[in-house]
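Note sheet for the following structure.
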Amino acid sequence: MNRKIGIIIPSYNQGKYIEAAICSALANKKHVDMAVAVIDGGSRDETKSIILKYKDSLDFWCSEPDGGQANAINKGIQALADCDYYMWLNSDDVFEDEYSVAKIVAYADENNLEVCYGLSHFIDEQGNITGEYPVEEFGYDKLGQRCFLSQPSVMFSREAYRAIGPINEELKMCLDYEYWIRLAQKYEFGFIREYIGSTRMYGETKTSRMQQQHLKEAIRTLMKYYGDVPMHWIVTKILADHPHSIWYKLPRRLLIVLFRPLKRKTIQKSLKGDC
């Protein structure tokens, strides 16, 4: 295998999980020509001491204030500029096993792909598998309905990164979704039917804490690239705006009909940045 892949681990105050992420990446390093960069945003917990524990095995690391997750990923890619492929592994996620990265790199090489993705599990705080991410066969139109790619199971090439540009640093929640859409406008996505990464889901995850921000960014992204927002996003946004409403007791199919007249107003509020 003559390719080299860079794994970027962005981190901020994830001392509880970052050791598992680092060890997961380093285990994969035994089977593929890999560079690993940990980009920490100046965590105030035990993160830095854990990074220092593994610093001799890392190709690059830093712990300093940054502009958020997207900025950290871009910084990591710049630090590993000689790599042919890139993946980022959030500091609370892990790879499926120690062969995951080698599998996806080999698949991309064999099929001459600039972007590819695999299957993914959900795991809990203890790392136990709790479910399967709803990954699907790729389709650009389908991507306009929902994000069916699991971020720790996606890999893109240096060529694609240079052609598409960096991760959008203005986004805090939908940075991966928006980037997959941009990549999909230019490149074919390969789908390897192997489990590559695992996404950790728990009450304190960024997605759980920042649902409103996530929904607003998703609506803006969909309007920018598709010119429309599917009604299921609108329903979710209105329900999030009214967390104690009786609407939660109604079937979503009925809510789609009831909320359709509110679609334009909901989109306009999101585009303006209103809650």
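All figures in this text were calculated on a predicted structure; none of them were measured in a lab.
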So do the side chains of [X] and [Y] get within less than 4.5 Å of each other, counting heavy atoms only?
X: Ser100; Y: Asp97; result: yes
X: Ser120; Y: Thr199; result: yes
X: His31; Y: Val101; result: no
X: Ile181; Y: Tyr140; result: yes
X: Asn168; Y: Leu175; result: no
X: Tyr187; Y: Leu113; result: no
X: Met155; Y: Val115; result: no
X: Asn28; Y: Met34; result: yes

Q) Is the distance between the ring centroids of Phe259 and Trp247 less than 6.0 Å? A)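 They qualify: ring centres under 6.0 Å apart.
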Is the shortest distance from a Lys or Arg side-chain nitrogen in [X] or [Y] to a carboxylate oxygen in the other one below 4.0 Å?
X: Glu178; Y: Arg220; result: no
X: Asp84; Y: Arg158; result: yes
X: Glu217; Y: Lys172; result: no
X: Lys53; Y: Glu19; result: yes
X: Asp59; Y: Lys4; result: no
X: Glu136; Y: Arg146; result: yes

Pair [X]-[Y], side-chain donor/acceptor within less than 3.5 Å:
X: Glu125; Y: Tyr17; result: yes
X: Ser91; Y: Gln14; result: no
X: Glu132; Y: Tyr195; result: yes
X: Thr236; Y: Arg252; result: yes
X: Glu169; Y: Asn71; result: yes
X: Tyr85; Y: Asp109; result: yes

Q | Qualifying residue, where the test is salt bridge (charged side-chain N to carboxylate O under 4.0 Å, His left out) with Lys103 and the options are Glu96, Glu194, Glu110, Glu98 | A |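 Result: among Glu96, Glu194, Glu110, Glu98, Glu194 is the only option passing the salt bridge (charged side-chain N to carboxylate O under 4.0 Å, His left out) with Lys103.
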Shortest non-hydrogen contact between [X] and [Y], atoms and distance:
X: Ala160; Y: Leu183; value: CB-CD2, 3.8 Å
X: Ile5; Y: Val105; value: CD1-CG2, 3.8 Å
X: Ser270; Y: Lys237; value: OG-CE, 3.8 Å

Q: Using the six-membered ring wherever Trp is involved, compare the ring planes of Phe156 and Tyr86 and label them parallel, tilted or perpendicular (cut-offs 30° and 60°).
A: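 Aromatic pair Phe156/Tyr86 classed tilted.
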Q: From the options Asp176, Ile7, Ile9, select the one residue that forms a side-chain contact (heavy atoms from CB on, under 4.5 Å) with Trp88.
A: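 Of all the options given, the one that passes is Asp176.
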